[in-house]
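Below is one structure, written out as structure tokens; comments come after it.
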Amino acid sequence: MVHLYLPEVIMSDAASSVEPLSKREAEVAAAYADGASYKVIARNLGISPTTVRSHLRTVYGKLNVTSKIALAQALADPHAPSDVASDTSGLLADLALELDEAMRRERAMTRVLRIVNDSSGNLDDVIDEVLEQALEICEAEFGILMEHHGDFTFTEMRSSNISVPFSDWLSAQGAFNPGADTAVGRAARTLKPVSIADVSAEDVAYDDNPLRFATVTYGRARSLAAIPMTAGGRLIGVFSVYRTRVHPFNERSLELAQAFADQAAIAIKNSQHIKDMEARLDRAAATHEILEAISNTSDDETPVFDAILGNARKLCDAPFAALILARPGDETQAMIAHHGALKSTEDYYAEGRVPMDPDKSFAARAITEKRPVHLHNMMDTDQYRAGVPNVVELCDVQGIRTNLFVPLVRDGEGIGCFVIFRHEVRPYSDEQIALVETFATQAVIALENVRQFRALQARTREVQELNASLAAKVDEQIVEIERMGRLKRFLPPAVADRVVSSGSESMLQSHRALLGVLFCDIQGFTAFCETAEPEETIEVLQTYHEEMGKLINLHGAGVDLRMGDGIMVLFNDPIPCDDPAGDAVRLAIAMRARMAELCVGWKRLGHRLGFGVGVSLGYATVGLVGSEGRFDYTASGTAINLASRLCDEAHDGEILLSTRAGIAVEDDFGVESRGDLNLTGMREPIEVFRLVHDGA
């Protein structure tokens with residue numbers, strides 16, 4: 001601890017050239033020399049971080065010091081001579097403070113990167129560290145990380161230093177739409193940082209904006225910044241930092257917040273990959289358990305139903321799962337198996353109070369129409385509003401909200417359905433619905449097996465042998481699923497399939513390959529994004545990638561990598577082909593034709609967009625790049641760079657080819673020289689060819 005350097009201390013002749021510090025300057029200097037940050041000093045002294053820095057600059061100038069160490073020494077020994085010229089002390093003070101701040105930012109980012117890259121660190125640890133460091137470096141009082149669930153719906157994933165009333169309010173919201181006028185809503189829609197100088201001063205109707213009201217009323221926030229978190233061009237959340245005083249975030253603060261948001265996005269994406277892998281393994285294990293139960297079942301379906309219902313509850317995160325049997329034309333439904341049903345629910349079915357009427361029962365509708373019925377909120381249905389007794393019973397007495405009905409279909413006829421529900425409004429994912437559909441198919445198999453056993457006991461041995469064979473195949477499939485899941489966790493599907501079919505993962509090692517390389521992008525897209533609405537930008541980009549993806553798959557490309565509107569496609573690795581340059585040109589022609597059609601439609605909407613392609617042929621280094629959990633199978637080398645530069649050089653509708661690619665395809669396609677071009681990153685001018693007609 002250094003001693004406070006108060007004005008009356010400097011009174012001797014030896015120190016007469018040094019201007020004394022004020023009491024506040026001495027307090028700031030002592031705290032800073034002891035290692036306190038601007039934010040901590042500001043909070044303890046009741047001033048802003050900007051004022052802290054202003055005081056420190058004055059202190060550095062008065063004491064003629066240029067570092068924190070020198071400051072501490074000067075405070076400890078005010079009579080020590082200084083070797084800093086007074087006419088340069090102001091500049092040196094600024095530089096010293098900038099250096100201190102830069103080092104502090106670097107230490108914070110290094111700490112975050114270290115915990116992100118630590119394979120043993122879990123997501124909670126990473127997010128906590130990101131929030132802590134972001135608040136410190138951005139000089140913010142509290143922060144919130146909201147996770148995106150689609151349709152601009154969010155939940156609070158993590159918060160730090162948030163007030164209890166604000167925290168309670170967020171918890172009570174569950175999944176909610178923050179509104180397009182809030183900073184969170186604007187950042188989510190524009191995918192750009194949003195800074196609000198004074199949230200209380202904005203002309204916004206708080207009654208129509210609950211999040212804005214809570215931010216001001218419960219959070220006591222004044223200045224705030226909301227930073228979008230994206231991965232692969234997809235919004236995964238919004239990272240917000242708040243100050244309880246009017247002190248706007250400058251560009252540097254926004255850059256720092258974005259850096260921390262990017263690290264949080266990486267951590268969340270990694271966690272999602274791990275959860276997806278665990279979910280796939282859980283589904284594979286569930287399938288194995290159920291099929292094993294089927295193979296061991298002869299005249300009793302109960303073990304199969306028990307396995308199915310137990311796994312349905314676990315994998316779909318539902319408190320209740322039941323199997324209903326009924327056919328079109330029956331008067332009522334029967335619940336023959338369940339997990340988690342209340343006694344009142346059992347009685348309700350046992351008393352025949354659930355009619356087999358599609359207008360009064362969603363299960364009856366699923367069975368009759370032979371399709372899943374997914375109700376996000378049962379209370380938001382015509383049946384509930386009309387007071388249908390069994391629906392009202394389920395909602396008001398059982399407390400059911402989200403419900404899913406998946407039919408059992410045998411020989412084209414509905415014979416029953418699975419029912420899983422939740423007590424809160426939380427719809428099931430597409431993967432969970434597909435899983436229950438698989439379970440329904442397996443339940444039908446179990447029912448059919450038992451029916452056949454009872455009707456044809458003479459065929460028991462044959463059926464058992466068939467089921468045993470099926471179980472063996474399931475074991476093999478599980479091994480394959482686990483292997484494919486491990487590979488597809490970080491490889492493109494085409495590469496993973498190639499590795500599995502080859503029986504060896506040696507091809508993933510770095511190697512040289514002759515590649516046909518295609519680069520393409522939407523011309524004018526950047527300018528379009530600056531003027532178009534976010535919804536229009538997303539719609540154009542989604543259509544573009546969907547249509548180009550279809551063509552890429554149709555033409556048998558090995559690898560395609562995408563970033564924004566740019567696409568790179570590789571031919572001849574990992575899937576070999578006889579004519580990599582020709583295949584790349586054929587894909588380019590198909591892309592150009594489809595993009596011409598799309599651009600006509602976009603032009604009618606006022607969007608002036610174009611399309612350019614560059615194709616090269618050459619050797620490149622191919623293999624895995626990245627670290628555990630974040631691998632990419634990609635290529636690097638001159639051929640890759642050349643195709644990219646040709647794409648940049650291409651005019652609208654133009655397909656440019658490198659010298660080697662042009663020579664390789666000139667017998668099949670019309671090409672002409674466009675002359676020698678100086679391309680970025682190329683040491684010498686390169687003769688470039690233009691495709692002039694599509695060949696025979």
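- Shown here is R385, whose CZ atom has more than 12 heavy atoms of other residues, nucleotides or ligands within 6.0 Å.
- Residues forming a side-chain hydrogen bond (donor to acceptor under 3.5 Å, both in side chains) with Q173 (at least two apart in sequence, or on another chain): none.
- The CG atom of L598 sits 15.0 Å away from the NZ atom of K603 when rounded to the nearest 0.5 Å.
- The backbone N or O of I522 sits less than 3.5 Å from a side-chain atom of D565, completing a donor-acceptor pair.
- For D652 (side chain) and F611 (main-chain N/O), a donor-acceptor pair under 3.5 Å exists by modelled atom type.
- Under the 4.5 Å side-chain criterion, counting only non-hydrogen atoms from C-beta, V241 is not in contact with F142.
- L609 and F528 get closest at one heavy-atom pair: CD2-CB, 3.6 Å.
- Distance check, rounded to the nearest 0.5 Å: SG of C520 to CZ of R562 gives 9.0 Å.
- In terms of the side-chain hydrogen bond (donor to acceptor under 3.5 Å, both in side chains) criterion, R220 has no residue partners (sequence neighbours excluded).
- D198 contributes a side-chain N or O that, together with a main-chain N or O of S200, makes up a donor-acceptor pair within less than 3.5 Å.
- Each of E539, E546, H545 was compared with Q542 under the side-chain hydrogen bond (donor to acceptor under 3.5 Å, both in side chains) criterion, and only E546 meets it.
- Shown here are the side-chain hydrogen bond (donor to acceptor under 3.5 Å, both in side chains) partners of E530, two or more places apart in sequence or in another chain: there are none.
- By the 4.5 Å heavy-atom criterion applied to side chains, I552 and I567 are counted as neighbours.
- How far CZ of R222 is from OH of Y242: 15.0 Å, rounded to the nearest 0.5 Å.
- Separating the OG atom in S644 from the CD atom in E649 is a distance of 11.5 Å, to the nearest 0.5 Å.
- Here the side chain of H376 pairs no donor or acceptor atom with the backbone of V425 at under 3.5 angstrom.
- A salt bridge links K23 to E27: one of the charged nitrogens lies within less than 4.0 Å of a carboxylate oxygen.
- Looking at Y428 and H374, their side chains come closer than 4.5 Å, going by heavy atoms from C-beta outward.
- Distance alone, capped at 3.5 Å, is enough to place a donor-acceptor pair between the T402 side chain and the E424 backbone.
- Contact annotation: the side chain of E547 never approaches that of M591 to less than 4.5 Å [non-hydrogen atoms, C-beta and beyond].
- In this structure, I236 CD1 and R234 CZ are separated by 6.5 Å, a value rounded to the nearest 0.5 Å.
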query = Stepwise, does the side-chain contact (heavy atoms from CB on, under 4.5 Å) test hold for H423 with R401?
reply = CA-CA 5 Å; H423 291 293; R401 294 297 179 264; 5.7 Å; no

task = Go through F166 and T217 one step at a time and tell me if the side-chain contact (heavy atoms from CB on, under 4.5 Å) criterion holds.
result = CA-CA 8 Å; F166 199 6; T217 305; over 6 Å; no

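- A 4.5 Å side-chain heavy-atom check between T680 and D648 finds every atom pair outside the cut-off.
- H607 places no side-chain N or O within 3.5 Å of a backbone atom of W602 that could act as its donor or acceptor partner.
- Pairing each heavy atom of G566 with each of D521, the nearest pair is CA-CB, 4.1 Å.
- For H149 and F154, the gap between ring centers reaches or exceeds 6.0 Å.
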message = Quick one, E156 with S171, criterion side-chain contact (heavy atoms from CB on, under 4.5 Å). Give me CA distance, side-chain angles, the key distance, then yes/no.
response = CA-CA 7 Å; E156 176 198 5; S171 298; 4.3 Å; yes

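- Heavy atoms of other residues, nucleotides or ligands lying less than 6.0 angstrom from CD of E597 number more than 12.
- By the 4.5 Å heavy-atom criterion applied to side chains, I227 and S240 are not counted as neighbours.
- The shortest side-chain heavy-atom distance between R24 and L45 falls under the 4.5 Å cut-off.
- Under the 4.0 Å criterion applied to side-chain N and carboxylate O atoms, R189 and E533 are not assigned as salt-bridge partners.
- The residues E141 and R243 are annotated as not salt-bridged, no charged nitrogen and carboxylate oxygen being separated by less than 4.0 angstrom.
- Here the side chain of S167 pairs no donor or acceptor atom with the backbone of S163 at under 3.5 angstrom.
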task = Evaluate the criterion side-chain contact (heavy atoms from CB on, under 4.5 Å) for residue pair F525 and Y544; output intermediate values, then yes/no.
result = CA-CA 11 Å; F525 186 73; Y544 165 68; over 6 Å; no

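- The closest side-chain heavy-atom distance from M146 to L211 is below 4.5 Å.
- Note that the CG atom of L224 and the OG1 atom of T182 stand 9.5 Å from one another [nearest 0.5 Å].
- Under a 3.5 Å cut-off, the side chain of S159 and the backbone N or O of G143 do not form any donor-acceptor pair.
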